[in-house]
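Order of appearance sets the numbers: ligands from 1, and atoms from 1 within every ligand. For this chain, numbers begin at 1 and follow the sequence in order.
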Amino acid sequence: MNNEKSKKIYEESVNYLPGGVDSPIRAFKPYPFFVEKAEGSKLIDVDGNEYIDYCLGYGPLILGHANEVIVEESKKQLELGTAYGVPSEKEVLLAKEVIDRVPCAEMVRFVNSGTEATMSAIRLARGVTNRDKIIKFEGAYHGAHDAVLVKGGSGLAGKPDSPGVPEDATKNTIIVPFNNKEAICEVINENKDEIACIILEPIMGNVGCIPPKEGFLEFLREITEENNIILIFDEVITGFRLSKGGAQEYYKITPDLVTFGKILGGGFPIGAIAGKREYVEQFAPSGSIYQAGTFSGNPMSINGGLTALKLLDDKFYKDLHDKGEYLRNGMKNILTDLNIDFQLHGVESMTQVYFTDKEVYDYETAKLADADGFLKYFNTLLENGVFIAPSQYECGFLSGKHTIEDLDKTLEAMELAFKKL
Ligand SMILES: *Cc1c(COP(=O)(O)O)cnc(C)c1O
């Protein structure tokens, strides 16, 4: 595979962009490919190489790249203006669409990213409960703002993951292992009437793909209700991916608040906080909890979202689910034939493989998987025209544009990769 042009651009880019990129994970070794264009299930780089894409912008592109309907509708919107600074009716329409689909949603505030959504949801939870402490799960990612940039230190108020985050900003963030009921009970008992919220991804999509154990979400719903703690589902990945109403509909557990991002913008930047009216209404200006944004509810993102959600119906999800099953069945057969130790996790169109014989159910157990093996797997796939996120701790996604032919090609590349392990 010829990568001369990407290499050249990369060598130039490190002089002007930190690490040559605008978000750290994009800088994989020895250098990333630079994209020229994207179409359907594929990315095409500046050297003309094609990759079947399972990263899909880290989740948003469930309808595939440059989806023809999104392109058409976005062109129309472009001519009508891109930022108004005053409200437009489509914001109401998208809010109603979200409320129709999502069990907990009675009211919505649109923002510009998943990071903003979780930041504002946590502020809302703290504001309405008048409590400062929050619980998050070890290894979980909720965006890049200070209060949630804490990975480890089970049961303790966490230490920041990054220089520049003051310890004061994370001292109220309590970390517990995922899928562990006892740890939650302990923390809640030790911090009676002090915890504002528990925030979690119903399926951990930022530690690979770790589904909740049977009964775990029910348990969280009960214990938060008993202790007047606000339950926040961070559905920035699972929202509009698992089903029309997201993970809460899929698992039939209704949280108090939910955060969205990624898919909700139809490929444009967006975020949202939705949930119980009595809470969401407390955002300014109807309430006193401050939250604001220049581009919040901008017509390009709102229109992108409205267009996307219209296309995401039950038939779409059924087809996508079938493709997920097809891919995982193929992977399972190859891995089993080759006698490789693996844990293959997947829910609908989310998939990740861990090279280990041990069960993976939280961050600690995910870390036991063979990370070097994963890197080899990533590199062999790349050489063979298949792009997955370059980390064990990301999740693979499918779009409506992935064909069976794409999946078969991918399985061939995977077989080559697994053989190298
Ligand atoms: C991607 C992600 C975020 C952050 O969203 P951005 O739009 O990148 O700020 C938050 N939570 C989860 C679960 C995510 O996957």
With a 6.0 Å cut-off (strictly less than), is the heavy-atom count around CG of N189, excluding the residue itself, greater than 12? yes
Under 3.5 Å, is there a donor-acceptor pair linking the side chains of S120 and R109? no
Does the pair K367/E364 count as a salt bridge with the N-to-O cut at 4.0 Å? yes
Ring centroid separation F33 to Y51 under 6.0 Å: yes
Taking atom NZ as the centre, does K276 end up with more than 12 heavy-atom neighbours from other residues, nucleotides or ligands that are less than 6.0 angstrom away? yes
Can you name the atoms of ligand 1, numbered from 1 with element, that are less than 4.0 Å from a heavy atom of E201? 13 (C)
List every atom of ligand 1 that sits less than 4.0 Å from any heavy atom of I237, numbering the atoms from 1 in the order shown and giving each element. 15 (O)
Between Y377 and F418, ring centroids under 6.0 Å: yes
Any idea which protein heavy atom is nearest atom 3 (C) of ligand 1, and the distance to it? V236 CG1, 3.8 Å
Could you tell me which atoms of ligand 1, counted from 1 in the order shown, lie closer than 4.0 angstrom to a heavy atom of S113? 7 (O), 9 (O)
Only heavy atoms of H142, strictly under 4.0 Å: list the atoms of ligand 1 that pass. 10 (C), 11 (N)
Using a 3.5 Å cut-off on N or O atoms only, is T115 in polar contact with ligand 1? yes
Is any N or O atom of N206, backbone or side chain, closer than 3.5 Å to an N or O atom of ligand 1? yes
Looking at non-hydrogen atoms alone, which of M204, E235, K262, H145 comes nearest to atom 14 (C) of ligand 1? K262
Counting non-hydrogen protein atoms only, what is the nearest one to atom 12 (C) of ligand 1? Give residue, atom name and distance. D234 OD2, 3.4 Å
Under 4.0 Å to a heavy atom of G114 - the qualifying atoms of ligand 1, by number: 4 (C), 5 (O), 6 (P), 7 (O), 9 (O)
K133 with E194: basic N within carboxylate O range, under 4.0 Å: yes
